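Since the structure comes first, as structure tokens, the remarks are kept for the end.
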Amino acid sequence: MEPSTRKAVLRQSLSVGIATGAYGISFGALGVASGLSILQTVALSALLFSGGSQFALVGILGAGGTGSAAVATSTLLGVRNGLYGLQTSRILHVRGLRRLLAAQVTIDESTAVAVGQEHRAEGRLGFWVTGIAVYVFWNLMTLIGALAGNALGDPQRWGLDAAAAAAFTALLWPRLRSRDAAATMVLAVAIALLTSPLLPVGVPVILTVLAAVVIGLSGGGRHEPPTEDPELDDDEFREGVPS
């Protein structure tokens, strides 16, 4: 790998890691606002480490939902990370303890940076630097946010009781670029509006996630072409792979 290429990958990975990690401060504040202790909030970021799943969990708990509903929703949203693993495994080729570490940092950002590189060696570097950078900054900012949120006191006084839904919407909105994603959003909103007055807190969220899964399966594996990064083929990745 040429030095200029290495620097470019490192620059991209660190910028993504710092920008994403900074958002952890909002999760820390929302965690304690939803009734979790500082230790529980920090542990959730360290162990679960999946932004969408974390926001869904504290959102449901903060709204008075049951723990089972919160865990079920968080788990369903985290399934995508397993699908990411299918893509990153052909880039990383890790075994043993490194495989466990790779699984922990397989998230949206590390996967995107990895598959966005031209060669496999660059993809591996981008994956590890991005994943570790996000993990470090996300957990650091979660702690800061939890300490700040705990100092603020009553979350309703500052409007933090409604911030979980707003934060989760902010995470989701940039991803609604395709027709399939927009259709899924419309169906999910309709289901939530119809079932929320009738079902316990958290159950409507589970139903909307299941509806999204059904839509995805009914598409027969069809995906609309990406708008930014071209799909990489195996021939490109084979270049520069050590024998």
Side-chain angles (χ1 to χ4, degrees), residues 20-21 23-84 104 106-108 134 138-139 141-150 152-176 181 184-216:
T20 304
Y23 196 60
I25 194 168
S26 61
F27 173 75
L30 292 172
V32 296
S34 299
L36 300 180
S37 67
I38 295 177
L39 180 59
Q40 289 172 328
T41 301
V42 172
L44 195 58
S45 275
L47 300 176
L48 179 56
F49 187 53
S50 181
S53 296
Q54 291 179 223
F55 278 108
L57 189 147
V58 300
I60 292 175
L61 292 179
T66 63
S68 58
V71 171
T73 304
S74 177
T75 301
L76 285 172
L77 291 173
V79 168
R80 73 188 191 283
N81 293 40
L83 300 178
Y84 292 158
Q104 180 67 0
T106 298
I107 54 176
D108 296 355
V134 173
W138 179 268
N139 282 279
M141 299 310 289
T142 293
L143 175 60
I144 294 175
L147 293 172
N150 189 60
L152 289 175
D154 184 5
Q156 293 186 357
R157 178 183 177 186
W158 306 97
L160 289 177
D161 53 323
F168 192 70
T169 301
L171 282 176
L172 179 64
W173 190 259
R175 307 176 190 275
L176 301 178
T184 303
M185 180 197 70
V186 172
L187 177 61
V189 169
I191 292 175
L193 291 176
L194 292 174
T195 59
S196 292
L198 305 174
L199 300 176
V201 174
V203 176
V205 180
I206 296 176
L207 294 178
T208 58
V209 173
L210 292 176
V213 172
V214 171
I215 290 178

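All values derive from a computational prediction rather than experimental measurement. Along the sequence shown, residues carry numbers from 1.
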- Item | Side chains of L143 and I38 in contact at under 4.5 Å (non-hydrogen atoms) | yes

- Query: If you look at every heavy atom in I107 and V134, which pair is closest and at what distance?
  - Reply: CD1-CG1, 3.6 Å

- Have a look at S53 and tell me which of L48, V71, T75, L44 forms a side chain to side chain contact (heavy atoms under 4.5 Å, CB included) with it. L48

- Determine the interplanar angle of the F55 and F27 rings, folded into 0 to 90°, and report it as parallel if under 30°, tilted if 30 to 60°, perpendicular if over 60°. perpendicular

- Which pair of heavy atoms, one from A69 and one from I60, lies closest together, and at what distance? O-CD1, 4.0 Å

- Task: Determine yes or no for a side-chain-to-main-chain donor-acceptor pair under 3.5 angstrom, with Q104 supplying the side chain and A46 the backbone.
- Result: yes

- Task: Provide the closest heavy-atom pair for G31 versus T41 in the form atom of the first, atom of the second, distance.
- Result: C-OG1, 3.6 Å

- Could you tell me whether a side-chain N or O of S34 sits under 3.5 Å from a main-chain N or O of L30, the two making a donor and an acceptor? yes

- Spatial distance of atom CG (N139) from atom CZ (F49) [nearest 0.5 Å]: 7.0 Å

- May I ask you to test the S50-R80 pair for a side-chain heavy-atom distance under 4.5 Å? yes

- Message: For a quick test of reading the model, state the closest non-hydrogen atom pair linking A29 to V32 and the distance between them.
- Response: O-CG2, 3.2 Å

- Starting at CG of N81, measure out to CG of D108 and round the result to the nearest 0.5 Å. 6.5 Å

- Task: Mind checking the CG-CD spacing from L47 to Q54? Nearest 0.5 Å is all I need.
- Result: 9.5 Å

